Amino acid sequence: MYHLIFIIFLLSTISLILAIPITYAMICEMCGKEVPITKPMLVEGSKLNLCPNCARFGDEYKAANASSTSPGGGAPVPKTVIEDRLQRRERRMQTRDIYSASSRELIDNYGEAVRSAREAKGLDLEEFSKSIFERKGTIARIEANDLVPDDKLIAKLEKALDICLKEEVMSGGQGGSSSAKSESMTLSNFVKKK
Ligand SMILES: [Zn+2]
């Protein structure tokens with residue numbers, strides 16, 4: 001019998017302890033004070049939960065919300081707008097990263113690729129140059145890796161020779177490797193000098 005009373009007492013004590021932080025978890029979003037109850041008020045277009053003391057600075061939330069398009073009233077509209085904006089910004093940045101991370105660039109040994117493809121087709125420099133309406137000297141310089149063809153000429157060469165002169169390049173990775181290369185070269189030069 002006494003046990004039962006003790007258990008009930010214990011339970012009520014526990015529930016009281018648990019109830020206190022729940023009751024006082026309401027924080028006024030204007031003054032930051034913990035209060036037993038807050039009231040949703042409209043302050044400069046944003047819904048804020050205010051303590052009775054701060055409530056006088058805001059407009060009645062429900063009245064203002066009734067005229068707005070969302071009938072739920074539970075979700076504060078400004079917050080979703082901000083979230084939406086953040087998500088959109090995040091997506092934009094991701095898209096930008098994809099574009100900046102990789103690009104199609106001319107392969108290093110484009111001259112060799114053009115020459116071997118031309119020879120495989122059994123064309124000499126003159127025949128090939130004429131067939132694509134380019135000067136022999138231009139093609140010769142390209143084959144010697146001496147002249148970097150522009151995008152239009154690259155496309156023309158790729159089509160005429162059935163080759164691919166461009167490759168997908170990760171700009172981040174390439175930057176890292178090239179800087180590492182130059183660093184090691186500098187170091188080897190330094191070692192050689194000594
Ligand atoms: Zn307050």
Side-chain angles (χ1 to χ4, degrees), residues 1-108 148 150-152 154-155 164-188 190:
M1 190 62 191
Y2 283 112
H3 284 88
L4 198 69
I5 292 164
F6 180 72
I7 286 164
I8 290 166
F9 173 76
L10 203 71
L11 282 173
S12 62
T13 313
I14 288 166
S15 66
L16 204 72
I17 290 163
L18 288 173
I20 289 166
I22 292 163
T23 316
Y24 288 93
M26 309 284 275
I27 293 168
C28 171
E29 288 173 0
M30 189 173 266
C31 67
K33 217 161 42 177
E34 280 192 18
V35 284
I37 191 151
T38 58
K39 203 175 171 194
M41 298 296 286
L42 212 61
V43 182
E44 288 167 17
S46 303
K47 190 198 141 193
L48 294 176
N49 292 310
L50 303 181
C51 69
N53 195 36
C54 295
R56 59 200 161 98
F57 297 115
D59 298 317
E60 196 73 35
Y61 177 70
K62 272 176 189 166
N65 192 51
S67 62
S68 98
T69 46
S70 71
V77 178
K79 199 190 166 192
T80 46
V81 169
I82 291 163
E83 273 176 8
D84 188 50
R85 217 174 286 163
L86 282 169
Q87 278 176 358
R88 248 184 284 169
R89 198 184 67 171
E90 211 168 288
R91 244 176 288 152
R92 242 198 337 265
M93 285 171 81
Q94 278 174 351
T95 324
R96 200 177 296 156
D97 280 350
I98 290 161
Y99 281 113
S100 66
S102 72
S103 58
R104 268 172 49 83
E105 282 180 20
L106 189 65
I107 56 171
D108 289 334
V148 176
D150 61 18
D151 283 347
K152 213 174 146 188
I154 290 169
C164 189
L165 293 174
K166 284 189 168 189
E167 62 184 350
E168 210 76 27
V169 176
M170 304 300 281
S171 63
Q174 196 198 32
S177 70
S178 73
S179 76
K181 203 195 279 173
S182 67
E183 202 176 272
S184 67
M185 273 172 73
T186 325
L187 191 70
S188 68
F190 179 73

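When a ligand or atom number is given, it counts from 1 through the structure's own listing order. Just so you know, these numbers come straight off a predicted model, no measurement behind them.
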| query | What closest approach, in Å, do C51 and C28 show between heavy atoms, and which atom pair accounts for it? | reply |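 Minimum heavy-atom contact is N-SG, 3.4 Å.
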
| remark: Sequence neighbours excluded, the answer for salt bridge (Lys or Arg N to Asp or Glu O under 4.0 Å) partners of K33 is none

| field | Sequence-distant partners of C164, side chain to side chain contact (heavy atoms under 4.5 Å, CB included), two or more places apart | value | R104, E158

| task | Please identify each residue that fulfils side chain to side chain contact (heavy atoms under 4.5 Å, CB included) with L48, with sequence neighbours left out. | result | E29, V43, L50

| Does a sphere of radius 6.0 Å around NZ in K166 hold more than 12 heavy atoms from other residues, nucleotides or ligands, not counting ones at 6.0 Å or beyond? | yes

| Are the side chains of K39 and E60 in touch, meaning some heavy atoms are under 4.5 Å apart? | yes

| task | Identify which protein N/O/S atoms are less than 2.8 Å from the Zn ion (ligand 1). | result |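 Less than 2.8 Å away from the Zn ion (ligand 1) sit C28 SG, C31 SG, C51 SG, C54 SG.
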
